[in-house]
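Structure, as C-alpha cells:
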Amino acid sequence: MNAPRSEKIFAALETFRIELPSWGFANTGTRFGKFIQPAAATTTEEKFSDAGQVHFLTGVCPTVALHVLWDCPDGVESTDEIQRFASRYGVTPGSINPNLFQDQEYKYGSFGNPDPSIRKRALESIKESVAIARRLNSRDISLWFADGSNYPGTANMRQRKRWFEEALQESHGELSPDQRMLIEYKPFEPAFYHTDIADWGMALLLARAAGPQAKVLVDTGHHYASQNIEQIVAWLLSENMLGGFHFNDRRYADDDLTMGSIDPYQVFRIFHEIRFFEWESGQRADIAYMIDQSHNLKGKIESMIQTVTMAQQLFAKAVLVDAKKLAAAQKNCNLLEAESLLQEAFATDVRPAIQEWRDSKGLPKDPMEAFRQSGYLERITRERAAKNAHKVTSYV
Ligand code: AFD
Ligand code: MN
Ligand code: MN
C-alpha cells in the first residue's frame with residue numbers, strides 16, 4: 001500500500017462513525033417466529049453493555065440508536081437511567097426512533113389513521129420522543145411509519161398525505177434549533193397495497209412540508225430490486241435533503257441482512273457519491289450513518305462487529321477514487337477510464353491500512369478475534385441464558 005493511499009484511508013477512518021441499533025442486540029425474529037439467543041440482551045442496560053463492547057473493540061460506534069418506548073419504558077423519566085448506562089458502558093444515546101407500529105391502536109395506522117384520537121395519540125408519542133431526545137442531547141428523531149393499506153379502495157391516499165403533512169409540521173414545531181427530524185421511506189411491509197411514505201419523493205415532499213430541520217433517511221433495504229440507490233443519494237445530496245442512512249443488505253425485500261453481504265459494490269457506490277459530492281462542493285455532507293439490522297441466526301454482537309468492519313472497508317475503498325481524474329474522464333466521455341477509477345478503488349484491499357489505523361489508535365487490529373478472545377460472550381451467556389429461556393418463541 002503506497003503512502004498517499006493509506007494516508008487517504010487514515011484520514012477517512014478518522015471521520016467515519018456509524019451508529020449501532022439498540023434493537024440489534026435483543027431477540028427479534030421474522031413473522032414466522034423467533035429463535036431466541038441465550039446471550040441476547042433483555043434489558044436496555046444489557047443493550048448499552050453490548051453496544052459498548054462493539055465500540056470498545058472497533059472505536060467507531062460512539063452512539064446507540066434507541067427505540068422508544070422499548071428502551072425508555074417510562075418515557076422522559078427513563079432518561080436519567082439511560083444517562084447512567086451511557087457513562088457506565090462508554091456509548092451515548094443516538095437517534096431516537098419512536099415506535100408507532102406495534103400498539104393495537106395503530107392497527108389502522110398512526111398519522112394516517114382515520115380516527116383523529118389515534119392520530120393525536122401518535123403525535124403525543126412523537127412529542128414525547130422529541131422531549132426524550134432533548135433530555136439525552138440526541139440530535140436526530142428518526143421517523144418510520146408502517147402506515148398504509150392492504151387492499152385497493154380502503155384508504156383515501158390524498159387525505160392521508162394531508163394528515164401526515166399536518167402532523168409532521170406540528171412535530172417539527174417541537175424540535176429545538178439543534179435537532180433534526182429524519183423521515184424514512186419504505187415501499188411496502190407491513191402494508192402491502194400502499195404505504196403512505198413509500199419512496200424518496202414522498203419523504204422529500206413531506207420533509208419539505210414539515211420544515212427546515214426535516215431531512216430524508218435512506219434505509220438501503222427499502223427499495224425495489226435493482227433500484228439505483230446511489231442516484232437517489234446524489235439527488236438528495238444535491239437538494240441538501242439527505243439526513244442519514246439505515247444500513248443493511250437485501251436479497252429480496254427489507255431483509256435486514258448484514259451490510260455488504262449481498263451487494264458490497266452498491267454500498268461502495270453510495271459512499272462514492274457522497275465523497276464525490278464533498279469533493280465537488282468543498283463541504284462535508286452532514287449525514288448520520290446508522291445500522292438497522294437485528295440478526296436472528298448470527299450472534300448479535302459478532303454480526304454487529306462484522307457490519308462495522310465491512311462499513312469501514314467500503315468507506316475506505318470509496319475514498320480511493322480519484323475525483324479529479326474522474327471528473328475529467330466524465331467530461332471527456334472517457335468511459336473506460338471513468339469506470340475503471342471506481343473499479344480499481346473497489347478492488348483495492350484496504351484491510352492492511354485499516355489494521356494499521358486501528359493499531360495506531362491502540363485498537364485491536366482484528367476486533368472480531370479480540371471479541372472472541374475476550375470471554376465477554378461466555379460471561380453474558382451465563383448471566384442471560386435463564387432469562388432468555390423464558391422468552392416468547394412464536395407469535396401463535
Ligand atoms: C424496521 C423498519 C424500518 C425501521 C426499523 C427500526 O422496516 O427500517 O427503521 O424497523 O424501527 O426495520
Ligand atoms: Mn430502517
Ligand atoms: Mn426496515
Any non-hydrogen side-chain atom of [X] less than 4.5 Å from a side-chain atom of [Y]?
X      : Y      : result
Phe10  : Glu7   : no
Ile380 : Asp50  : yes
Thr92  : Phe48  : no
Leu143 : Leu182 : no
Thr63  : Leu20  : no
Met241 : Trp200 : no
Gln83  : Leu136 : yes
Glu184 : Ile197 : no

message: Working note: Phe56 + Phe371, criterion ring-ring contact (aromatic ring centres under 6.0 Å, His included); need CA distance, chi angles, decisive distance, verdict.
response: CA-CA 10 Å; Phe56 174 68; Phe371 173 67; over 10 Å; no
Identify the two heavy atoms, one from [X] and one from [Y], that lie closest to each other, and give their separation to 0.1 Å.
X      : Y      : value
Val76  : Glu128 : N-OE2, 4.2 Å
Val350 : Lys317 : CG1-CG, 3.9 Å
Ala65  : Glu19  : CB-OE2, 3.1 Å

Honestly curious: do [X] and [Y] fall in one hydrophobic cluster under the side-chain, below-4.5 Å linking rule?
X      : Y      : answer
Ile96  : Ile82  : yes
Tyr289 : Ile9   : yes
Ile183 : Met290 : no
Ile301 : Trp23  : no
Leu217 : Ile291 : no

message: Please evaluate residues Asn99 and Val68 with respect to the criterion side-chain contact (heavy atoms from CB on, under 4.5 Å), reporting the C-alpha separation (whole Å), side-chain torsions for both, the decisive distance (0.1 Å), and the verdict.
response: CA-CA 6 Å; Asn99 183 327; Val68 173; over 6 Å; no
task: Assign the ring pair Tyr89 / Phe85 to parallel, tilted or perpendicular, where the plane angle (0 to 90°) is split at 30° and 60°.
output: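 Taking Phe85 first and then Tyr89, their aromatic rings sit tilted (interplane angle of 30° to 60°).
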task: Could you tell me the separation between the CG atom of Asn113 and the CZ atom of Arg160, rounded to the nearest 0.5 Å?
output: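 Result: 7.5 Å between the selected atoms.
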Under 4.0 Å between a side-chain nitrogen and a carboxylate oxygen: does that hold for [X] and [Y]?
X      : Y      : result
Lys365 : Glu356 : no
Asp254 : Lys186 : yes
Glu14  : Lys361 : yes
Arg162 : Glu166 : no
Arg88  : Glu45  : yes
Asp349 : Arg351 : yes
Arg384 : Glu46  : yes

Just by distance, no angles: are the side chains of [X] and [Y] close enough, under 3.5 Å, to form a donor-acceptor pair?
X      : Y      : value
Gln293 : Thr307 : yes
Gln102 : Trp70  : yes
Asp199 : Tyr224 : no
Gln312 : Arg358 : yes
Thr42  : Lys387 : yes
Lys300 : Ser294 : yes
Asn248 : Asp292 : no
Glu165 : Gln169 : no
Asp196 : His194 : yes
Ser95  : Asn97  : yes
Ser142 : Asp140 : no
Gln343 : Tyr265 : no
Glu174 : Ser171 : no

Considering residues at least two apart in sequence or located in another chain, which fulfil the salt bridge (Lys or Arg N to Asp or Glu O under 4.0 Å) criterion with [X]?
X      : value
Asp249 : none
Arg379 : Glu383
Arg372 : Glu302

Aromatic ring proximity [X]/[Y], centre distance under 6.0 Å:
X      : Y      : answer
Phe16  : Phe315 : yes
Tyr106 : Phe111 : no
Tyr185 : His223 : yes
Phe101 : Phe145 : no

Counting only heavy atoms not in [X], do more than 12 sit closer than 6.0 Å to its [atom1] atom?
X      : atom1 : answer
Lys298 : NZ    : yes
Tyr108 : OH    : no
Asn156 : CG    : yes
Trp279 : CH2   : yes

task: May I have the step-by-step check of ring-ring contact (aromatic ring centres under 6.0 Å, His included) for Phe346 and Phe268, ending in yes or no?
output: CA-CA 7 Å; Phe346 183 64; Phe268 164 87; 5.2 Å; yes
- request: Begin with the C-alpha distance, continue with both residues' side-chain angles, and end with the deciding distance and a verdict on side-chain contact (heavy atoms from CB on, under 4.5 Å) for Leu342 and Leu326.
  value: CA-CA 9 Å; Leu342 267 65; Leu326 180 65; 4.1 Å; yes
Salt bridge (charged side-chain N to carboxylate O under 4.0 Å, His left out) between Lys47 and Asp71, worked out: CA-CA 9 Å; Lys47 293 173 192 173; Asp71 297 320; 2.6 Å; yes
task: Might you work through the salt bridge (charged side-chain N to carboxylate O under 4.0 Å, His left out) test for Lys120 and Asp115, ending with a clear yes or no?
output: CA-CA 9 Å; Lys120 188 169 181 308; Asp115 179 341; over 6 Å; no
message: The test is salt bridge (charged side-chain N to carboxylate O under 4.0 Å, His left out); show your working for Arg250 and Asp263 and say whether it passes.
response: CA-CA 8 Å; Arg250 42 79 56 83; Asp263 187 354; over 6 Å; no
- prompt: Short question: side chain of His246, backbone of Asp219 - any donor-acceptor pair under 3.5 Å?
  reply: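 Judged by distance alone, no pair lies under 3.5 Å.
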